[in-house]
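Worth knowing before you read on, the calculation uses all heavy atoms, side chains too, and leaves out hydrogens, waters and symmetry mates. All figures in this text were calculated on a predicted structure; none of them were measured in a lab. Throughout, a chain's letter reflects where its sequence line sits, starting with A, and its residues are numbered from 1.
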Protein chains: 2
Amino acid sequence: MLRKVDKHSGVPAYLQIVNMIKSEILLGNLQKGAQLPSVRDLQVIFDVNINTVLKALEKLKNEGYIESEQGVGYFVKKDIDVNKEVIEIIRECVSKLKNGRIDYYTAMLIFEEVWKNE
Amino acid sequence: MLRKVDKHSGVPAYLQIVNMIKSEILLGNLQKGAQLPSVRDLQVIFDVNINTVLKALEKLKNEGYIESEQGVGYFVKKDIDVNKEVIEIIRECVSKLKNGRIDYYTAMLIFEEVWKNE
DNA sequence: TATACTGTTATATTATAATATAACAGTATA
DNA sequence: TATACTGTTATATTATAATATAACAGTATA
């Protein structure tokens with residue numbers, strides 16, 4: 001799901017955009033060959049300047065996720081095949097966590113720390 | 001665990017520092033009253049300039065996590081009590097994911113997307 | 001009291017991120 | 001072929017992040 005960038009998160013806007021588009025590809029919401037919204041539409045969707053959109057798209061191009069055709073649009077190049085089981089494991093975990101009294105930010109901090117140290 | 005900042009992640013160094021220290025407090029590795037390493041030691045631990053350390057500590061002070069005494073040091077102010085069960089849920093999830101063939105970065109992207117949309 | 005630690009304040013410099021704005025160039029189609 | 005879409009290139013400006021460096025100020029202790 002493509003949504004407004006969080007301008008207070010501290011994470012650079014162009015990186016948030018890169019992450020959102022990657023997620024769409026990872027989850028299969030954007031498949032190989034699919035066309036992205038136009039750069040001027042993306043500017044509105046993410047609520048940033050057009051140059052910020054271009055910076056993000058440039059990075060995705062360099063990483064081989066998308067390609068562009070002048071005058072036509074941006075298209076998904078790579079289909080990334082993520083194990084459905086992995087998504088299921090994460091869905092289950094998130095569902096359990098949401099039943100508890102923990103916010104997203106705290107959950108992410110713990111997740112990161114546990115991943116990197118155990 | 002306090003470790004070197006990742007200078008290529010794109011996330012500002014001072015924020016990475018804030019997150020690492022918060023994690024230590026959240027996981028109980030730094031408890032109320034505990035003294036942090038000196039700013040000059042932290043500079044070495046995180047591999048950044050002293051001003052970057054100070055910026056992070058200032059933020060943690062503003063959020064009420066730590067306090068400082070000139071000439072003495074920085075101390076943990078808040079003890080954050082995180083449900084042990086929550087940590088267990090995350091440990092289990094991470095353990096399952098590490099058995100699969102998924103990297104940290106991809107896992108985080110999916111985690112974020114699932115959390116924000118389901 | 002001298003010394004070696006603590007934190008604190010300040011200034012200057014460089015790189016990066018984000019914005020605003022304009023103009024150019026290719027494509028599809030009424 | 002005119003029009004309205006696409007992407008692309010370029011320039012200038014502002015804010016933020018990070019660095020280097022120096023000097024100041026409080027605390028603990030040999």
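- With respect to Lys78(B) and Glu63(B), no salt bridge is recorded, no charged nitrogen being found less than 4.0 Å from a carboxylate O.
- When only modelled atom types and interatomic distance are considered, Tyr14(B) and Asn51(B) share no side-chain donor-acceptor pair under 3.5 Å.
- Within the model, atoms CD1 of Ile45(B) and CG of Leu36(B) stand 9.5 Å from one another, a figure rounded to the nearest 0.5 Å.
- Looking at Glu85(B) and Arg101(A), no side-chain N of the basic residue comes within less than 4.0 Å of a carboxylate O on the acidic one, giving no salt bridge.
- Classification of Lys32(A) and Glu67(A) as a salt-bridged pair fails, no side-chain N sitting under 4.0 Å from a carboxylate O.
- If you find the closest nucleotide of DNA chain C to Asp41(B) and to Asn51(A), the one lying nearer the 5' end belongs to Asp41(B).
- Residue contacts for Leu54(A): at a heavy-atom cut-off of 4.0 Å it reaches a base atom on one of the strands shown.
- Between the CD1 atom of Ile25(A) and the OH atom of Tyr65(A) there is a distance of 7.5 Å, given to the nearest 0.5 Å.
- A heavy atom closer than 4.0 Å to some atom of DNA chain C occurs in Ser68(B), Glu69(B), Gln70(B), Gly71(B), Val72(B), Gly73(B), Tyr74(B), these being the qualifying members of residues 67-77 of chain B.
- Axis angle between the ends of the helix from dT1(C)-dA30(D) to dA30(C)-dT1(D), five pairs each and rounded to 10 degrees, works out to 10°.
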Check the pair Glu112(B) / Tyr104(A) against side-chain contact (heavy atoms from CB on, under 4.5 Å), numbers first and verdict last.
CA-CA 8 Å; Glu112(B) 175 170 7; Tyr104(A) 167 70; 3.2 Å; yes

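- Protein chain A contacts DNA chain D over a range whose 5' and 3' limits, counting nucleotides with an atom under 4.0 angstrom from a non-hydrogen atom, are dT6(D) to dA10(D).
- Ionic pairing of Glu88(B) and Arg91(B) is present here: one or more N-O contacts between side-chain nitrogen and carboxylate oxygen are shorter than 4.0 angstrom.
- One finds the CG atom of Asp6(A) at 11.0 Å from the CG atom of Asp47(A) (value rounded to the nearest 0.5 Å).
- Side-chain polar atoms of Asp103(A) and Thr106(A) form a donor-acceptor pair below 3.5 angstrom.
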